[in-house]
Amino acid sequence: MDKTPSGYASIDAYIADFSPEIQEKLEAVRRTVREAAPDAKEIISYQMPTFYLKGNLVHFAAFKQHIGFYPAPSGIEAFQEELAAYKGAKGSVQFPLDQPLPLELVRRITAFRVEENLAKGKKKTAAKKQEPR
């Protein structure tokens, strides 16, 4: 069993909990994010598969009717027009299970988030160097 008292121990364990059809969709999202963020670490955060690179990058999860994708509010806002066809909220979007996943869009959103997190990481490093000793 790959569950800990607080939830899943790995993304593999999370994906294994679903039907083969859903596993295929989750693996497709995982592969797409991995290609766009090869240096990101795979973790479980908020009980969801998460890619971490100088902070949470993106999360994704399976639900009864959709795959949820969580690229933070900035990721949703930057691709607002392309995401308009999907249900969503401030930091999330729902991709219906009965439709093809927009993997190219997922890749571009993830790449945007990589740049954003790396820039944020550089600002933090620069700010630390500026602090008086």
Side-chain angles (χ1 to χ4, degrees):
M1 184 76 142
D2 269 346
K3 277 191 176 180
T4 66
S6 61
Y8 295 97
S10 68
I11 292 179
D12 288 330
Y14 179 91
I15 291 173
D17 240 8
F18 293 90
S19 70
E21 299 82 24
I22 303 302
Q23 287 180 22
E24 196 174 303
K25 289 182 180 284
L26 290 169
E27 284 292 357
V29 172
R30 182 187 198 180
R31 263 192 318 275
T32 301
V33 172
R34 166 69 46 230
E35 288 167 8
D39 296 329
K41 182 178 176 187
E42 291 188 353
I43 63 172
I44 296 290
S45 182
Y46 301 103
Q47 299 304 312
M48 292 185 281
T50 301
F51 280 79
Y52 185 93
L53 182 67
K54 300 200 181 285
N56 288 336
L57 195 60
V58 298
H59 310 274
F60 62 97
F63 296 92
K64 190 174 182 177
Q65 302 293 324
H66 68 273
I67 299 290
F69 186 63
Y70 307 87
S74 59
I76 297 296
E77 194 174 302
F79 294 86
Q80 197 171 356
E81 280 185 32
E82 291 170 88
L83 293 170
Y86 303 99
K87 286 184 183 177
K90 186 176 178 182
S92 66
V93 62
Q94 298 177 8
F95 300 128
L97 293 176
D98 63 355
Q99 295 176 19
L101 289 169
L103 296 175
E104 176 56 24
L105 180 56
V106 168
R107 186 196 63 73
R108 289 188 292 117
I109 293 170
T110 302
F112 170 83
R113 291 286 296 125
V114 166
E115 293 302 317
E116 192 172 55
N117 275 19
L118 290 176
K120 201 181 334 176
K122 285 180 184 173
K123 283 182 187 174
K124 284 182 182 177
T125 302
K128 282 186 178 180
K129 288 181 181 176
Q130 300 277 334
E131 289 177 4
R133 304 216 177 237

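Taking hydrophobic clusters as Ile, Leu, Val, Met, Phe, Trp and Tyr residues chained together by side-chain heavy-atom distances below 4.5 Å, Tyr52 does not share a cluster with Ile44. There is no path of hydrophobic side-chain contacts, each under 4.5 Å, that joins Val33 to Tyr70. Leu101 and Phe63 sit in two unconnected hydrophobic clusters of ILVMFWY residues. Membership requires side-chain heavy atoms under 4.5 Å apart, directly or through other members.
Side chain to side chain, Asp17 and Tyr8 meet the donor-acceptor criterion of an N or O pair below 3.5 Å.
Using cut-offs of 30° and 60° for the angle between ring planes, the Tyr14 and Phe18 rings count as tilted.
The two residues Val114 and Ala37 come nearest to each other via the heavy atoms CG2-CB, 3.5 Å. Taking every heavy atom of both residues into account, Ser74 and Phe112 meet most closely at O-CE2, 3.6 Å. Annotation for Asn117 and Gly55: closest pair ND2-O, 3.4 Å, computed over non-hydrogen atoms. Residue Gln94 comes nearest to Pro96 through the heavy atom pair O-CD, 3.5 Å, listed as atom of the first residue, atom of the second, then distance. Across all non-hydrogen atoms, the minimal contact from Ala62 to Ile22 is CB-CG2, 3.6 Å.
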Report all side-chain donor-acceptor pairs from residues 76-91 shorter than 3.5 Å, counting only partners two or more places apart or in another chain.
unit_1: Glu82; atom_1: OE1; unit_2: Arg108; atom_2: NH1; d: 3.2
unit_1: Glu82; atom_1: OE1; unit_2: Arg108; atom_2: NH2; d: 2.3
unit_1: Glu82; atom_1: OE2; unit_2: Arg108; atom_2: NH1; d: 3.4

Exercise for review: Check the pair Met48, Phe60 against side chain to side chain contact (heavy atoms under 4.5 Å, CB included), reporting the backbone distance first and the verdict last.
Suggested key: CA-CA 6 Å; Met48 292 185 281; Phe60 62 97; over 6 Å; no
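With hydrogens and angles ignored, the 3.5 Å screen pairs no side-chain donor or acceptor of Asp39 with any backbone N or O of Leu53. Of the possible polar contacts, none joining the Arg107 side chain to the Ala36 backbone as a donor-acceptor pair under 3.5 Å is found.
Atom CD1 of Ile109 is separated from atom CZ of Phe69 by 5.5 Å, given to the nearest 0.5 angstrom. The OG atom of Ser45 sits 5.0 Å away from the NE2 atom of His59 when rounded to the nearest 0.5 Å. Going from atom OG of Ser10 over to atom CD1 of Ile15 covers 8.5 Å, rounded to the nearest 0.5 Å. To the nearest 0.5 Å, atoms CG (Asn56) and CD1 (Ile43) are separated by 5.5 Å.
Screening residues 21-32 for side chain to side chain donor-acceptor pair (under 3.5 Å) gives Asp12-Arg30, Ser19-Glu21, Glu27-Arg30, Arg30-Glu42 as the qualifying pairs, with residues at least two apart or on separate chains.
Checking Thr50, Thr110, Val106, Val29 one by one against Val58, the side-chain contact (heavy atoms from CB on, under 4.5 Å) holds for a single residue, Thr110.
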